[in-house]
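Before any comments, here is the structure.
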Amino acid sequence: MKLLLIHSDFIEYEVKDKAIKTPEDTSKKKDRLEEALTAFTAVEKVDEKSPKQAVKQAVDEIIKTAEQLKVKNIMVYPYAHLSSNLASPKKAQEILIEMEYELKQKNFNVKRSPFGWYKAFKISCKGHPLSELSREILPVKEETESLKKERKLSSDWYILTEDGNLHDVGKFNFKSHENLKKFSFYEKEKSRAVKGEPAHVTLMKKLEIADYEPASDGGNMRFYPKGRFIKKLIEHYVTRRVVEYGGLEVETPIMYDMQHPTLSEYLQRFPARQYQIESDKRNFFLRFAACFGQFLMAHDATISYKDLPLKIYELTKYSFRREQSGELTGLRRLRAFTMPDVHAFTSDLDMAMNEFKVRFDLSLSVLENIGIENNDIEMALRTTKDFYEKNKNFILDLVKKFGKPILVEIWDERIFYFILKFEFNFVDLSEKASALSTDQIDIENGERYDIKFTDKDGTIKHPLILHCSPSGAIERVIYALLEKEAIKMSKGEKPMLPLWLSPTQIRFIPVGDEYIKECENFSQELNKNEIYKIRLDIDDREESVSKKIRDAEKEWIPIIVVIGEKEKNSKKFTPRFRDKSVVDISKKYSMKELSDLVIKNIKGYPQEPIPLPIYLSKRPKFKG
RNA sequence: GCCGCUGUGGCUUAGAGGUAUAGCGAUUCCUUGGUAAGGAAUAGGUCGCGGGUUCAAUUCCCGUCAGCGGCUCCA
């Protein structure tokens, strides 16, 4: 059976002449249905063998579509021209009547136009992507075969365990791998579970990190001082790690000529995804990755095999992708985002694979040090069957490094420009998965961009290119950190940002005005270390001590120190530690001990001064 | 982009065909405080925006913008 489903403002028809010898009796010469899903239907020879099944499958398909479109009115419309292998009119008519009956049973408002007549019809198709669908209904036996064929063309999904075994995703026992299950399910099929609104969106506003900017395009965020600060520290940290790894930091333009021969070829494949800008008579697109600038730069460079692997790095501020408006959410999916992107140009597959390993370790370490640990992420690997077969041990090494089972997608043939790709995915509170770190081995673009290096023997060759983002988009890293804390909160635990990222690390709360001076003295004592400056502030507002503590807790301040007569005299403090796992809360601390404690935790991370006035009374409220 | 839901002072929100609640926050005053909200007063809103219906619209209708959920997508 062939179905053509049209979502229309209306459908109307008028019966004209007989099309077959014995058309269906009909008194109604004209009919019309508003806001309808019209199912143009051609019943075929194969349906005669198992008419019940054909009816059921067709009805299921129609209902599925109708529900998606929230349509109550359905017009079943016989339309022979969809097939060249029609069933007999008698059988066809029976099946159509049966379809009408079944649909009515499911409480749809169903009309059916008469069988066997030439009819004039008018239809007003709504024109959205789901408004025109064609479906082929085949008896089950043949269906599995066609499905198999389809699957062969696309890809297979597996779970690869540390022992080197590939498991069918459907059969794998996900016990103690809950997140991998959520991730696999999200990747492989479309998860339809009911979900609340994203937790990090509430948090990013409440903590004055980021917010929507109605005056800009969707997915272009504003960052408040604390948000800019956190973002800046992550940017610095990732950049430092990449530079230590050997990345040469560059800066390239954010817009490129759409007519440029190399770029246009690349663009043709994804035409509707960019912002476009006009300047004089030329049209430009905003970059959606750092590739363009770096590849064009590499194209013009003189590169010897001695320089390889050559690593070029840029922190793109911004990369732009015109995602569909409905796909945008908070800091998770944006139209403008900050992307660290380090490419490695390598001489051959051996070098590429070696480098892939190095960057795999780098990515894992960067994420972990930022605060997103191994059990917060799930790994996916995509490759071709051919590559997998030849490099099983290499891939297994990666899995062992990762230390838990991963999701693997294997294509029969290469679909994209890369032959191997890994991703570290974060699964959030509403069970959505997003990729953070990623790296891929690209075997096309060296040639496409005509990037060349001179090999040992003097021949000119195109390099294989690795594309890596060790952390993923910085905004998305913040999203993951916030969602991670939201998950904690849902378990009744206190949320906190890592100490090195907290805009305020220690807050002093004077018991009264007269102790503000004391706070200042102590803060100098606290910051005696030459290299590490602890970010502290003083709540000098005219509020009760309890109120100030409450506000500090709401702000996720890691360490709160109340200062009054006792402290003034004894120089010993009883701080409130937000994260009680690493400290002794019964202990009294001196300023030196507190300072050492903080420094121990922020060693090796970027240092920046507090991004707000030290006195709370001098701070504006950006939100609420 | 499609389908659906939502949109009320800076924030969170009540409400209804006759221009509107309350809490937080802000300001001022009182209180001078000891580990998650001390007390009082004042100011602040063309009820997202545009149009229509109506004697009258913030409330009903249409459109639009934004957010959320789902679909699709994620090079």
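Lettering follows sequence order; numbering is per chain, from 1.
- Taking the six-membered ring for Trp and thresholds of 30 and 60 degrees, A:Y417 and A:H467 have ring planes inclined between 30 and 60 degrees apart.
- For the C1' atoms, the distance from B:rG67 to B:rC24 is 22 Å, rounded to whole Å.
- Of the listed nucleotides (B:rA75, B:rA36, B:rG1), B:rA36 has the atom at the smallest distance from the side chain of A:E553.
- The backbone N or O of A:K548 sits nowhere less than 3.5 Å from a side-chain atom of A:E543 that would complete a donor-acceptor pair.
- For B:rA20 and B:rU58, the P atoms lie 12 Å apart once the distance is rounded to whole Å.
- Proximity of a side-chain donor or acceptor of A:N73 to a complementary backbone N or O of A:E34 within less than 3.5 Å is detected.
- Protein atom CZ of A:R550 is 6 Å distant from nucleotide atom C1' of B:rA36, rounded to whole Å.
- Comparing B:rU31 with B:rG45, their C1' atoms sit 32 Å apart, to the nearest whole Å.
- Taking the six-membered ring wherever Trp is involved, the centroid distance between the rings of A:F288 and A:F320 does not fall below 6.0 Å.
- Taking atom P on both B:rU13 and B:rG69, the two are 15 Å apart, rounded to the nearest angstrom.
- In this structure, A:K72 forms a cation-pi arrangement with A:F108, its terminal cationic atom sitting closer than 6.0 Å to the ring centre and no more than 45° off the ring axis.
- Distance CG (A:L69) to P (B:rG4): 9 Å, rounded to an integer number of Å.
- Using a 4.0 Å heavy-atom criterion, one finds that A:F622 contacts no nucleic acid atom at all.
- The interatomic distance linking A:I509 (CD1) with B:rA37 (P) rounds to 12 Å, in whole Å.
- For the 3.5 Å distance criterion, the side chains of A:Y313 and A:Q294 fail to qualify, holding no donor opposite an acceptor.
- Comparing A:E565 and A:K70 by the nucleotide of RNA chain B whose heavy atom lies nearest to each, the residue mapping closer to the 5' end is A:K70.
- Residues of residues 567-580 of chain A having a heavy atom closer than 4.0 Å to RNA chain B, listed by number: A:E567, A:T574, A:R576.
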One pair to check against side chain to side chain donor-acceptor pair (under 3.5 Å): A:E483 and A:H200. What are the steps and the verdict? CA-CA 5 Å; A:E483 286 285 339; A:H200 79 279; 3.0 Å; yes
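- Listed nucleotides B:rG25, B:rC3, B:rG67 differ in distance to A:K547; the shortest reach to its side chain belongs to B:rG25.
- Nucleic acid contact for A:K126: none, since no nucleic acid atom lies under 4.0 Å from a heavy atom of the residue.
- Taking atom P in both B:rU21 and B:rG15, one finds a spacing of 14 Å when rounded to whole Å.
- Spacing between B:rU59 and B:rG48 at atom P, rounded to whole Å, works out to 8 Å.
- Taking the ring centroids of A:F292 and A:F285, they lie under the 6.0 Å cut-off.
- One finds a side-chain N or O of A:K432 lying less than 4.0 angstrom from the OP1 or OP2 phosphate oxygen of B:rG70.
- Comparing A:T329 and A:D217, the nucleotide of RNA chain B nearest to each residue sits closer to the 5' end for A:D217.
- Between the CZ atom of A:R335 and the P atom of B:rC74 there is a distance of 16 Å, rounded to whole Å.
- Among the protein residues, A:L328 comes within range of the sugar-phosphate backbone only, with heavy atoms under 4.0 Å from sugar or phosphate atoms but none that close to a base.
- Ring centroids of A:F573 and A:Y589 are separated by 6.0 Å or more, keeping the two rings apart.
- What separates CZ of A:R322 from C1' of B:rU72 is a distance of 15 Å, to the nearest Å.
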Output a table of nitrogen or oxygen pairs between the protein and nucleotides 30-33 of chain B separated by less than 3.5 Å.
from, atom 1, to, atom 2, distance (Å)
B:rU31, O4, A:E542, OE1, 3.1
B:rG33, N7, A:V511, O, 2.6
B:rG33, O6, A:D513, N, 3.4

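- Of the side-chain N and O atoms in A:K621, none sit less than 4.0 angstrom from OP1 or OP2 of B:rU27.
- We find that NZ of A:K554 is positioned 11 Å from C1' of B:rC11, with the value rounded to whole Å.
- Using a distance-only test at 3.5 Å, with no hydrogens or angles considered, a donor-acceptor pair links the side chain of A:S8 to the main chain of A:F10.
- Ring centers of A:H299 and A:Y449: at least 6.0 Å apart, outside the cut-off.
- Rounded to whole Å, the separation between the P atoms of B:rG4 and B:rG63 comes to 10 Å.
- Comparing the same atom, C1', in B:rG50 and in B:rG44 gives a spacing of 26 Å after rounding to whole Å.
- Considering only side-chain atoms of A:Q440, the nucleotide from B:rG34, B:rA75, B:rC11 that sits closest is B:rA75.
- With ring centers used as reference points, A:Y275 lies 6.0 Å or more from A:F284.
- Computed from coordinates, the A:E431 CD to B:rG70 P distance equals 11 Å when rounded to whole Å.
- Here B:rA37 presents its P atom at 13 Å from CZ of A:R541, a figure rounded to the nearest Å.
- In RNA chain B, runs of at least 3 consecutive Watson-Crick or G-U pairs, each pair with both distances below 3.5 Å, span B:1-7 with B:65-71, B:10-12 with B:22-24, B:26-30 with B:38-42, B:48-52 with B:60-64.
- Ring centers of A:H343 and A:F295: under 6.0 Å apart, within the cut-off.
- No side-chain donor-acceptor contact under 3.5 Å links A:N220 and A:Y212.
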